[in-house]
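Have a look at the structure below, then the notes.
Keep in mind that what you see is a predicted model, and the values were worked out from it rather than measured. Naming: A, B, ... by sequence-line order, numbering from 1 per chain. Values below: all heavy atoms of this structure, side chains included; hydrogens, waters and symmetry mates excluded.
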2 protein chains.
Amino acid sequence: MRDEPACSGPEPAQLSDAEWTVMDAVWKRGEVTVRDVLTDVQGETDWAYSTVKTLLQRLVEKGAVSREKRGNTSVFRPAVEQKAARGAALRALVRRAFDGTLGTLVHHLVADERLSRREREDLERILRDEGLDP
Amino acid sequence: MRDEPACSGPEPAQLSDAEWTVMDAVWKRGEVTVRDVLTDVQGETDWAYSTVKTLLQRLVEKGAVSREKRGNTSVFRPAVEQKAARGAALRALVRRAFDGTLGTLVHHLVADERLSRREREDLERILRDEGLDP
DNA sequence: CATTTTCTGCTACATTTGTGGCAGATGCGC
DNA sequence: GCGCATCTGCCACAAATGTAGCAGAAAATG
């Protein structure tokens, strides 16, 4: 009896850097207009209205968000869960840079000299606290 | 007194998918020619000689490998350690997709339903043992 | 040596990503 | 209803990435 969930459906499309920034706002609000996102990313970026618009457009094409016309304004909603997107991104990284093996990544984490003792302890704690639920 | 290694020098340049494939061969062999890499990636990819050549060229420009002329043939050598490249890639992922916080990634790992119990246990064990045993 | 093989240097070209402009349609304040 | 603010749809353009061809130089081969 296997306890792995095995492979579910197709991976959500990979998101680019800029697209992640937009998705953060989309997930946070649940439902956004171009302007909402623009507002949220002010300070983080220096994007023009058009830039956000284009990015949302591309996210629609990638199937990451859905668009619904409300009056003359588009309202966007997440079409993939953040968790799914994160999983896909993580698996893509593991595939390209860590032998396709999660274990290699974890090993790197704990062996990486840039990981502070404190962070390492945090990881252990998180694992113990969160990993126990059957 | 801080125990963090804090921020060392500048991150190695980000590598693209294709570039990671090439770098795998470069790290494995320690010293390669275009043809060596081409040989190694046969089966994995269907690249032309020129493709590998271009990729190595770009890796030189990115400072990821060094080139040395031996006769009329170029010999390439890693200029960044695999560990450093992995670290940079991992940090980039955390930055874009996991709130910039390693803890968020680890939390995702243990909470992700796609992570099998066995992998979860491995993770815990590796953390406890500091990754000392294979 | 004359050929054949193999390299290199340069160029090319499609796609994706980052960034944004312009013009026409639509909605809001007065 | 009119004008001003907004939105949208479509296009643009540079940099990065994926993928490779061509021509000339260098080396190997008979």
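A:Glu81 CD: 12 or fewer foreign heavy atoms inside a 6.0 Å radius.
Each of A:Gln14 and A:Asp46 has a nearest nucleotide on DNA chain C; the 5'-most of these lies closest to A:Gln14. Annotation: of the two residues near DNA chain D, B:Ala18 and A:Val34, the 5′-most nearest-nucleotide partner is A:Val34.
Of the residues listed (A:Leu55, A:Val26, A:Asp24), the one engaging A:Glu19 in a side-chain contact (heavy atoms from CB on, under 4.5 Å) is A:Leu55, and it is the only one.
With sequence neighbours excluded, no residue forms a side-chain contact (heavy atoms from CB on, under 4.5 Å) with A:Ala79.
If you chain together hydrophobic residues whose side chains sit under 4.5 Å apart, A:Trp20 and B:Leu105 never meet in one group.
B:Trp47 has its side chain within reach of B:Val22: a pair of non-hydrogen atoms, C-beta onward, lies under 4.5 Å apart.
Against DNA chain D, the stretch residues 54-81 of chain A makes heavy-atom approaches under 4.0 Å through A:Arg67, A:Lys69, A:Asn72, A:Thr73, A:Ser74.
Between the side chain of B:Lys53 and the base of C:dG9, at least one donor-acceptor pair of N or O atoms lies under 3.5 Å.
Looking at B:Asp36 and B:Lys28, no side-chain N of the basic residue comes within less than 4.0 Å of a carboxylate O on the acidic one, giving no salt bridge.
Protein chain A contacts DNA chain D from D:dC7 to D:dC10, reading 5' to 3' and using non-hydrogen atoms of the protein with a distance under 4.0 Å.
Side-chain nitrogen and oxygen atoms of B:Tyr49 include at least one within less than 4.0 Å of the OP1 or OP2 phosphate oxygen of C:dT8.
When all heavy atoms of B:Asn72 and B:Lys69 are compared, the closest pair comes out as O-CE, 4.0 Å.
A perpendicular orientation is assigned to the rings of B:His108 and B:Phe98, their planes being inclined by more than 60° (bins at 30° and 60°).
B:Ser16 comes within 4.0 angstrom of the backbone, heavy atoms only, and of no base.
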